[in-house]
Amino acid sequence: MIDLKQLRENPDQFLARLNQRGDYNEPVQQVLALDQQQRSLEVNRSQLQARSNEIGKLVGQKMKSGAQPEDAEIQTLREEGNQIKAQLSELEPQEKELKVALEAILLTIPNLPSQTAPLGKSEAENVEIKRWGDEYIPTTTDLLPHWEIGEKLGILNFERSVKIAQSRFVTLIGAGAALERALIRFMLDRQVAAGYTEISPPFLVNTTSLTASGQLPKFAEESFKCDRDDLWLLPTAEVAINSLHRDEVLEAEALPLHYCAYTPCFRREAGSYGRDTRGLIRLHQFDKVELFKFVHPDTSEPEHEQLLNDAEAILQALKLPYRVIELCTGDLGFSASKTYDIEVWLPSAGKYREISSCSNCRDFQARRGNLRFKEAGKKGTQFLHTLNGSGLAVGRTMAALLENYQQPDGTIRVPEALEAYLGRSIL
RNA sequence: GGAGAGGUGGCAGAGUGGUCGAAUGCGCUCGACUUGAAAUCGAGUGUGCUGAAAGGCACCGUGGGUUCGAAUCCCACCCUCUCCGCCA
């Protein structure tokens, strides 16, 4: 949620920054208009309520000191009270309607881009800031895509998954299932060692949780819903962890909180019909180890850099070549103010593909979820900052492993770091 | 699925129609005592909106209703807990 006060006080500057993402003139103008109407009604309404409260108190006092309900004085006050009530019953619904409309629009406005995010309209203008592991890029020419490798080795099965569920699902078999499990354990162990507290949240989440992290109301099409229960399949652990402290007031000393979680993620992938139809890249269900931080606003930028490092550390340990790009303003996700994507080298495609997205949401999700902290000795509360990143997407990591570690004889070498987890060195 | 209990401030917990935004305890802040700390004592301490300020308004699970006046009465809904049943 954007800061309405900030918008109201400085609408032009605010809009200019928001428009670095795209055209938000219309919703912003609507917000400003509704806000003004609502506030002027509020002044009116609260004056009436003040008088009504006064009457209530007066009557109470007089009755206590012996007045009778039939007394002319009491009757007059009751009369006035009734008149105010009639006026309020007209004003209140109007104001409520404005508030609801205002809230509905506010929930659809994305986060302000960071002042440091590169300007741009689309992913074409993202900025590469780092490459790592060029020396590990395979030089062999006849490389197979991971789905062919997986099917040859009998460890991935897509056809039977269609029978069980639908397209865009996979069944892992034997060493494939073991590899997935090994990767999850490896990633969690590394992040726990880096200071993150592991959690295992519910895989079904309610509408409030999805709204707090920003998936709703705009992206309802992207999530699977269990209609009769007001529960949705988790699209990312970010949603669950963000709501772990929803509506809480934390002590400033408790910050920062660093969490990691393994969860499956479920996405409808609406609107990506033709894309990545083969392999592990774009499935309705995939595993992910997520990193999430609740931090003091003063520290969110260094915390963001460190989060990126923690995600990169997994790829480095697995010796998978990757690059880091910073998303331009036009390519930022809805809740993010600043985002680094990590892209891993996929030899079969001959390009880098996203394997992690590390975002600083600043106070955007904190506002939506009412996530606050209090500093000892200071009056009032402040919104904290939230950050999230994949550490990493497990399916895409498997894809990258199979492709980058394939050998001329068709087998797959297991990265050293994983050998102990998998109990073998060749697949 | 059946039965019952309950949702009040950072937490625990009182409050059944009027000066209740809410007792009390814990916690927290400041002060006194102390070499320091603990203990003790004293004062203060909810959140949000609005206003230059004084102040005003809202909030006792949510939404309605009764009343001049609702945490308190009425209706509906949601959620939590306990016991029983079923079950990984």
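Just so it is clear: chains get the letters A, B, ... in the order the sequence lines come, proteins before strands, and each one is counted from 1.
Rounded to whole Å, the C1' atom of B:C11 lies 12 Å from the corresponding atom of B:G46. For the P atoms, the distance from B:G69 to B:G4 is 35 Å, rounded to whole Å.
Of the candidate nucleotides B:C49, B:G10, B:G48, B:G48 has the atom nearest to the side chain of A:T381. Of the candidates B:G69, B:U50, B:G18, the closest approach to any side-chain atom of A:M63 belongs to B:G18. The side chain of A:A50 has B:G56 as its nearest neighbour among B:C68, B:G56, B:C49. Closest to the A:K5 side chain, of the nucleotides B:U50, B:G69, B:C57, is B:U50. If you check B:C68, B:C57, B:G10 against the side chain of A:R45, the one that comes closest is B:C57.
RNA chain B is contacted by both A:V43 and A:Q49; A:V43 maps to the nucleotide lying nearer its 5′ end (nearest heavy atom per residue). Comparing A:E251 and A:R51 along RNA chain B, the residue whose closest nucleotide (by nearest heavy atom) sits nearer the 5' end is A:E251.
A salt bridge is defined here as a Lys NZ or Arg NE, NH1 or NH2 lying under 4.0 Å from an Asp or Glu carboxylate O, and A:E92 with A:R45 fails to meet this definition. Ion pairing of A:E251 with A:K374 is absent here, as no side-chain N (NZ or NE/NH1/NH2) approaches a carboxylate O to less than 4.0 Å. The existence of a salt bridge linking A:E301 and A:R362 is confirmed by a sub-4.0 Å separation between a basic side-chain nitrogen and an acidic carboxylate oxygen. Ionic pairing of A:R353 and A:E343 is not present here: no N-O contact between side-chain nitrogen and carboxylate oxygen is shorter than 4.0 angstrom.
A straight line from CZ of A:R39 to P of B:C57 spans 18 Å, rounded to a whole angstrom. Here B:G46 presents its P atom at 18 Å from CD of A:Q382, a figure rounded to the nearest Å. The NZ-P distance, from A:K374 to B:U29, rounds to 10 Å in whole Å. Rounding to whole angstrom units, CD1 of residue A:I74 and C1' of B:G69 are separated by 12 Å.
The side chain of A:K96 places an N or O atom within less than 4.0 Å of a non-bridging phosphate oxygen (OP1 or OP2) of B:G64. A:K57 has no side-chain polar atom (N or O) that falls below the 4.0 Å cut-off from OP1 or OP2 of B:C68. Contact annotation: A:S46 side-chain N/O to B:G51 OP1/OP2 distance is not under 4.0 Å. Between A:N53 and B:U19 there is no side-chain polar atom (N or O) within less than 4.0 angstrom of OP1 or OP2. At the phosphate of B:U67, neither OP1 nor OP2 sits under 4.0 Å from any side-chain N or O atom of A:R78. Distances shown here put every side-chain N or O of A:R8 at or beyond 4.0 Å from the OP1 or OP2 atom of B:C49.
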A:F169 vs A:F158, ring pair (Phe, Tyr, Trp, His ring centres under 6.0 Å): CA-CA, chis, key distance, verdict:
CA-CA 7 Å; A:F169 284 91; A:F158 293 97; over 10 Å; no
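Contact annotation for A:E79: no contact, since no heavy-atom pair falls under 4.0 Å across all strands.
Crowding of A:R160 atom CZ: a count of heavy atoms from other residues, nucleotides or ligands under 6.0 Å not exceeding 12.
Among A:E403, A:R396, A:R278, the single residue meeting the side chain to side chain donor-acceptor pair (under 3.5 Å) criterion with A:H146 is A:E403.
Between A:F203 and A:Y262, the shortest heavy-atom distance links the atoms CE2-O, 4.4 Å.
Consecutive pairing runs in RNA chain B reach the stem threshold at B:1-7 with B:78-84, B:10-12 with B:24-26, B:27-32 with B:40-45, B:46-50 with B:55-59, B:61-65 with B:73-77, where a stem means at least three Watson-Crick or G-U wobble pairs with distances under 3.5 Å.
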